[in-house]
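To keep things clear, I will list the structure first and then write my remarks on it.
Lettering follows sequence order; numbering is per chain, from 1. These values consider heavy atoms only, across backbone and side chains, with no hydrogens, waters or symmetry-generated copies.
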Amino acid sequence: MTDFNLIPLLPEIFLSLVGMGLLIVGVSQGNVSTRVICWSSAAGFVITGLILLGIGWETQTVLNGMFVMDKFAGFMKLLILTGLVAAVGLSVRYIIQEGMERFEYPILIIFAGIGMMIMVSANNLLTLYMGLELQSLSLYVLAAFHRNSMRSSEAGIKYFVLGALSSGMLLFGMSLIYGFTGSVDFTTIGATVNNLSAIPFGLTFGLVFVLAGLAFKISAVPFHMWTPDVYQGAPTSVTALFAIVPKIAAFGLLMRLLFEPFMGMSEQWVQIIYFIAVASMVVGAFAAIAQGNIKRLLAYSSIGNMGYALMGLVAGTAEGAGAVVLYLTIYMIMTAGVFAVVLSMRRQGMAVYKIKDLSGLSQTNPGLAYPLAILMFSMSGIPPAAGFFGKLVVFNAAVASGYYILAVIGVLSSVVAAFYYLRVVKVMFFDEPADAFDGGLPFARRAILFISVLFVLGFVIKPNIFVSSSFDAASVLFQG
Amino acid sequence: MIIQALAFYLFAGILVVSALMVISARNPVHSVLFLILGFFNSAGLFILLGAEFVAMIMVIVYVGAVAVLFLFVVMMLDISFADLRKGAMQYVPVGLAIGAVLLTELVMAYGVWAFAPDALANRGAPLIRFEGATNAESLGQVLYTDYVLAFQLAGLILFVAMVGAIVLTLRTRPGVRRQNVGEQHARKREDVLEIRKVTPGTGV
């Protein structure tokens, strides 16, 4: 092996050491140390981010070409680490209130984070699968983390069984791709595919299976059935983690896979992604209308949002890829803010999840109601909130590549989706007030809510910081 | 050649039949035994491919450890598998339909199967170094060098699996009397033993 160099892997190596070290601390100190370990792991994520910024992001592949570090991977990893800090920050008070403060909680999040970082840097089908499994396995356990809750166990089992099925499909697709091209390395596969005069059936077949497996991970229709149940059943802090981070990693993986080795087959995969995008947008918009539970509503909202993001992939251009990265960034920050409010929905020490529990929140607790209203406006894509610009860039990219019908469907379904987002606002501001929530917003939640609202409102002032960096990151995928 | 072909069909045929028996046998212990038979036959297929090391690992790991573990679990758990299977018949039509679709697709995919022109060269590229080496030797040479990343990640995955299993199953019960060696050693004679002088005829 000529390209042995561990420097691009330093963030991952450091994070694994942090995880193992904290596990030792947890085992020796017991569950009383959960809070300390949570904050140490958040600090670990921050330090990992600093290391990541320090190692240089010029494109290079290392370890027998299995691991790639470039601007795209670097940017996505920064996003993932930010999301993980937010997810841990949101969790601390919640897991203590729910009586599930065990020190393994932040440690599993750390290992899921390592898996996600490997996913966006994968340059080989083996690395891809290993990263995906490391992430999924940690998330299965987290979904079932609340052992005294039936629903949490059910969510864990459901997620595990369906996740295993999707991994099976992914592996079957990979075996077909390997059988056809004779390689698991992205660079070699790309060269082989580009040399072909006609795309054979077997290779398309393999790619379809791989896409089915990955569509499950980003909960795109028709592989979305698990999402509402898992979002509802899992402890809310874990739901927040599910909604914020793993999809960024899965999208990073999907983009590298489609735009690097399989760019030569774009005619084939565009049809699939096109269908998945339309189906996700429509299902996400219509199925959410009937939901009375805010966690299920957010599950359908995330399905719909994945549809919008996929639209940028259909465009198949550097502009489209940049739009996807920007969309994911905005979506992540908005979702973190929304979950900061959802986690604070407690009455008499019990968590409540009904949308009608929010009734009259503007009178009983304006400090939660106004930020949530701003975030809901942003989610539904009303200017000048950040969510509007996210949708604007993906629609723009789709139109620029000539996918007018797709863009029209997107606009129409976002109009439908606006109905249920704004219904939350209506319930908060115009309904008879219900009993007040328990007071006391912990500092971390307050900070995340504040940053999220600040971002949503301030995006319009200096959009270029985020737009240029995300477009810059995504353009790397199109240089080879 | 003909012997190889015969051996292939023998192994493959028994493998398919035993796989079918795994899901249809009434007695779960029989299911596990058929699973073991299936593992042996797939090991045979690996030998036909010239992958003798993988075949042996298959037998040692899957038959020796995994399947025996299954057998213990099945025998020790008091689960009525007949009850579990009661509602299963209603899903047979759906299952058959999906199976038929998948089979058609597979026939279509393999019916027109063609390798990429570069496939042979791609597949051969990592093997050039190991001309004439045995399986175990060549695997040993690449596992900790070329594929060290995948190997280490597999280690991390197993680590997470271990942590996860403990998280989901370990319950600390209050009021259990455990042996604490440290405490036992730290015991002093003065704490537990009292010597009283008893004068005869008075009692304690």
For this session: In sequence, state the C-alpha distance, the side-chain angles, and the governing distance for Leu156(B) and Met20(A), and then conclude on side-chain contact (heavy atoms from CB on, under 4.5 Å).
Result: CA-CA 10 Å; Leu156(B) 273 186; Met20(A) 292 176 206; 3.7 Å; yes
Seminar exercise, completed: Most heavy-atom pairs under 4.5 Å with chain B, out of Ala191(A), Gly179(A), Gly206(A), belong to Gly179(A)
For this session: Could you tell me which portion of Leu134(A) (side chain, backbone, both or neither) has an atom closer than 4.5 angstrom to a non-hydrogen atom of chain B?
Result: both
Problem set entry | Proximal component of Phe180(A), with respect to chain B [non-hydrogen, under 4.5 Å] | both
Problem set entry | Heavy-atom closest contact (Met130(A) atom, Ala150(B) atom, distance) | CE-O, 3.9 Å
Exercise. Donor-acceptor pair, Asp146(B) side chain versus Asn64(A) backbone, under 3.5 Å?
Worked result: no
Exercise. Is the count of non-hydrogen atoms from other residues, nucleotides or ligands lying under 6.0 Å from Ile7(A) atom CD1 greater than 12?
Worked result: no
Exercise. To the nearest 0.5 Å, how far apart are OG1 in Thr188(A) and CZ in Arg123(B)?
Worked result: 13.0 Å
Seminar exercise, completed: Comparing Leu176(A), Leu142(A), Thr204(A) against chain B, the one with the most heavy-atom pairs below 4.5 Å turns out to be Leu176(A)
Seminar exercise, completed: Listed by number, the residues in residues 105-121 of chain B that come under 4.5 Å of chain A (heavy atom to heavy atom) are Glu105(B), Leu106(B), Met108(B), Ala109(B), Tyr110(B), Val112(B), Trp113(B), Ala114(B), Phe115(B), Ala116(B), Pro117(B), Asp118(B), Ala119(B)
For this session: Verify the neighbour count for atom CD1 of Ile3(B): are there more than 12 heavy atoms of other residues, nucleotides or ligands below 6.0 Å?
Result: no
For this session: With chain A as the partner chain, list the residues of residues 55-67 of chain B whose heavy atoms fall under 4.5 Å from it, by residue number, and write 'none' if nothing qualifies.
Result: none
Exercise. So do Leu149(B) and Leu9(A) actually touch side chain to side chain, heavy atoms under 4.5 Å?
Worked result: yes
For this session: Give a yes or no on whether Glu183(B) atom CD has more than 12 heavy-atom contacts from other residues, nucleotides or ligands under 6.0 Å away.
Result: no
Exercise. Does Val163(B) reach the side chain of Phe111(A), with side-chain heavy atoms less than 4.5 Å apart?
Worked result: no
Problem set entry | Flag, side chain of Arg147(A) to backbone of Val167(B), donor-acceptor distance under 3.5 Å | yes
Problem set entry | Euclidean distance, Leu153(B) CG relative to Glu12(A) CD, rounded to 0.5 Å | 9.0 Å
Exercise. Counting only heavy atoms not in Gln271(A), do more than 12 fall under 6.0 Å of its CD?
Worked result: no
For this session: Give a yes or no on this: more than 12 heavy atoms of other residues, nucleotides or ligands lie within 6.0 Å of atom CZ of Phe205(A).
Result: yes
Problem set entry | Structural part of Phe172(A) lying under 4.5 Å from a heavy atom of chain B | side chain
Exercise. Around Phe14(A), counting heavy atoms of other residues, nucleotides and ligands shown, do more than 12 lie under 6.0 Å from its CZ?
Worked result: yes
Problem set entry | Separation between CG of Leu158(B) and CG of Leu137(A), rounded to the nearest 0.5 Å | 9.0 Å
Seminar exercise, completed: Assert top hit (heavy-atom pairs under 4.5 Å, partner chain B, pool Ser138(A), Gly19(A), Ala112(A)) equals Ser138(A)
